Protein chains: 2
Amino acid sequence: MPSTRERIVEQADVLFYERGYEATSLADIAAPLRLSRGNFYYHFKTKDEILDAVIDLRLSRTAAMLTAWEAEGDTPLARITCFIRILIRNRAKIMSWGCPVGTLVSELSKLDHIAQARAAELFTLFIDWLAVQFRSAGVERDAKALATHLMGRSQGVAALAQAFGDEALIEAEVAQMTDWVAQQIAAQSADYS
Amino acid sequence: MPSTRERIVEQADVLFYERGYEATSLADIAAPLRLSRGNFYYHFKTKDEILDAVIDLRLSRTAAMLTAWEAEGDTPLARITCFIRILIRNRAKIMSWGCPVGTLVSELSKLDHIAQARAAELFTLFIDWLAVQFRSAGVERDAKALATHLMGRSQGVAALAQAFGDEALIEAEVAQMTDWVAQQIAAQSADYS
DNA sequence: GTCTATAGACGGATAGAC
DNA sequence: GTCTATCCGTCTATAGAC
């Protein structure tokens, strides 16, 4: 049984993703939970506070997901493939609302919102994790650059998928990204032989 | 001497980019132009009408830019490089507000706005033009796929640049994209030899 | 009786539309 | 210039638990 606060954050998380932060009113969040606005302000003083809580939620969920991928794949390539395949797994949502991270960061940037930096930490979580995987695959020097590149590639796919609602585009790019990662790791192994 | 209507569209174009469509009020557009609301409604009845006009403006400007690039570069590679280098040329704006096309399409998607499809045509303009360049470089079969891929790559760079405000990231990715295009074209030439 | 949780009304501001 | 709608945020009231 989740607390009222948790239900608010959960609902806000969904609506901030699907409609955007600014376009979501506190009434929009409260209504489906059957909460009065008065009750609402008992738990959160401002809309920005909810945003902070939503970012906290996403950060912790992302960290947990990355930890799960550590156990799920037994090679660096397998683990990085877990990352790439979220584009496939979440393709329906991505075609409708884009990447939850990228679209939030973009909106907060335009609003000059202080929380933009913390939202960008979601990117950092992914990139740092990917860099660890590349390093454990033997790529020492360029691990961070490769990780950043891969993050960017997935952002690009999400942007075009949202624009055109094209599922085949996602699949084609995912295949290319997977090949690219395999090549980077193989090239590294070749250096040692 | 631009007409009042043109000045409205021009101002809206800037503000829709820097602040976003929804976050820009009609007053925000009218104020710097010192227009009365009455005068404003003489030119545009609704906010959506202004959005349509802004998209029209961007479509025509994009088409003109693409035509200019045709003359500017004397090889397909040089012309495609013109495209890639807008990331460098507009890097300051991109770090602040992202890609004008990608962020608009993303916002309109979340708002379920009818104009989303027309905004996405801006992507189509670029992709079709890039495909023409790839084809004129001898890449027949995959021209559209390569063009789409390149468009996606640039979107990814813009997204991360906006998130981190990292100029070096842009330069590194631009260099990689340029190399990638050169390789694609070289690989095609090799097929004929 | 106090603390927690919920409810509802009100105010000030702003937006879009006419 | 006005009208209506909406939104954020505050204030007061209430109901129950301990």
Side-chain angles (χ1 to χ4, degrees), chain A residues 1-57 103-104 107-116 118-119, chain B residues 4-57 97 103-104 107-116 118-119:
Chain A
M1 185 77 169
S3 69
T4 300
R5 186 193 158 93
E6 285 168 340
R7 291 194 304 144
I8 290 174
V9 177
E10 186 73 38
Q11 185 67 34
D13 180 43
V14 172
L15 291 177
F16 288 175
Y17 177 38
E18 298 182 0
R19 302 185 191 176
Y21 171 67
E22 215 206 2
T24 301
S25 72
L26 301 183
D28 290 336
I29 301 171
L33 302 177
R34 302 194 176 280
L35 292 178
S36 68
R37 288 181 24 74
N39 188 3
F40 195 94
Y41 274 92
Y42 173 77
H43 295 281
F44 293 97
K45 302 218 184 313
T46 70
K47 193 178 176 183
D48 289 353
E49 256 183 46
I50 306 177
L51 177 60
D52 285 334
V54 167
I55 293 174
D56 284 339
L57 177 69
T103 55
L104 180 63
E107 182 181 3
L108 295 181
S109 284
K110 299 211 181 204
L111 296 175
D112 271 324
H113 200 290
I114 325 122
Q116 193 266 2
R118 290 202 61 237
Chain B
T4 300
R5 185 193 159 92
E6 284 169 341
R7 290 194 305 143
I8 290 174
V9 177
E10 186 73 38
Q11 184 68 29
D13 180 43
V14 172
L15 291 176
F16 288 175
Y17 176 38
E18 297 183 359
R19 303 186 191 175
Y21 171 67
E22 216 206 2
T24 302
S25 71
L26 300 182
D28 291 336
I29 301 170
L33 303 176
R34 301 196 177 278
L35 292 178
S36 68
R37 276 165 298 182
N39 193 355
F40 195 93
Y41 270 91
Y42 172 77
H43 295 283
F44 293 99
K45 304 238 179 299
T46 70
K47 195 179 176 183
D48 289 353
E49 257 183 45
I50 305 177
L51 177 60
D52 284 335
V54 167
I55 294 175
D56 284 340
L57 177 69
W97 310 297
T103 55
L104 179 63
E107 182 181 5
L108 296 181
S109 284
K110 300 211 180 204
L111 296 175
D112 270 323
H113 199 291
I114 324 121
Q116 192 266 2
R118 289 202 60 236

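Protein chains get the first letters and strands the later ones, always in sequence-line order, with residue 1 at the start of each. Computation of the quantities below employed the complete heavy-atom set of this structure, encompassing side-chain atoms and omitting hydrogens, waters and symmetry-equivalent molecules. Quantities reported herein were computed from a predicted structural model and do not represent experimental measurements.
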Step-by-step side chain to side chain contact (heavy atoms under 4.5 Å, CB included) determination, B:Q116 to B:L104: CA-CA 8 Å; B:Q116 192 266 2; B:L104 179 63; over 6 Å; no
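Taking all atoms of both residues into account, the shortest heavy-atom contact from B:A27 to B:P32 is O-CD, 4.5 Å. When all heavy atoms of B:Y17 and A:K110 are compared, the closest pair comes out as O-NZ, 2.6 Å. Residues A:L108 and A:A119 share a closest heavy-atom pair of CD1-CB, 4.0 Å.
Going from atom CD1 of B:I29 over to atom C1' of C:dA15 covers 12 Å, rounded to whole Å. Atom-to-atom, CG of B:L26 to C1' of D:dA5 comes out at 15 Å; the value is rounded to the nearest Å. The separation between B:K47 atom NZ and C:dC18 atom C1' is 17 Å, rounded to whole Å. Residue A:R7 contributes atom CZ, which lies 13 Å from atom P of C:dA5 at whole-angstrom precision. The nearest whole Å value for the distance from the NE2 atom in A:H113 to the C1' atom in D:dC8 is 13 Å.
At distances below 3.5 Å, at least one donor-acceptor pair connects side-chain atoms of A:E107 with backbone N or O atoms of A:Y21.
The salt bridge (charged side-chain N to carboxylate O under 4.0 Å, His left out) contacts involving residues 24-53 of chain A comprise A:R19-A:D28, where partners must be two or more places apart or lie in separate chains.
Across C:dG16, D:dG9, D:dC7, the shortest atom-to-atom separation from the side chain of A:T46 is found for D:dG9. Which of D:dG9, C:dC18, C:dT4 sits closest to the side chain of B:Y41 comes down to C:dC18.
Phosphate contact (OP1/OP2 of C:dA15, side-chain N/O of B:S25, threshold under 4.0 Å): present. The shortest distance between the side-chain N/O atoms of A:Y42 and the OP1/OP2 oxygens of C:dT6 is not below 4.0 Å. Of the side-chain N and O atoms in A:H43, none sit less than 4.0 angstrom from OP1 or OP2 of C:dT4.
Listed by residue number, there are no residues of residues 8-23 of chain A with a heavy-atom contact under 4.0 Å to DNA chain C.
To the nearest 0.5 Å, the span separating CD on A:E18 from OG1 on A:T103 amounts to 11.0 Å.
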Within the sub-3.5 Å range, which N or O atoms of nucleotides 7-11 of chain C have a protein N or O partner, and how far apart are they?
residue: C:dA7; atom: OP2; partner: A:S36; partner atom: N; Å: 3.1
residue: C:dA7; atom: N7; partner: A:N39; partner atom: N; Å: 3.3

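When the options B:L15, B:V9, B:I8 are evaluated for a side-chain contact (heavy atoms from CB on, under 4.5 Å) with B:Q11, the one that passes is B:L15.
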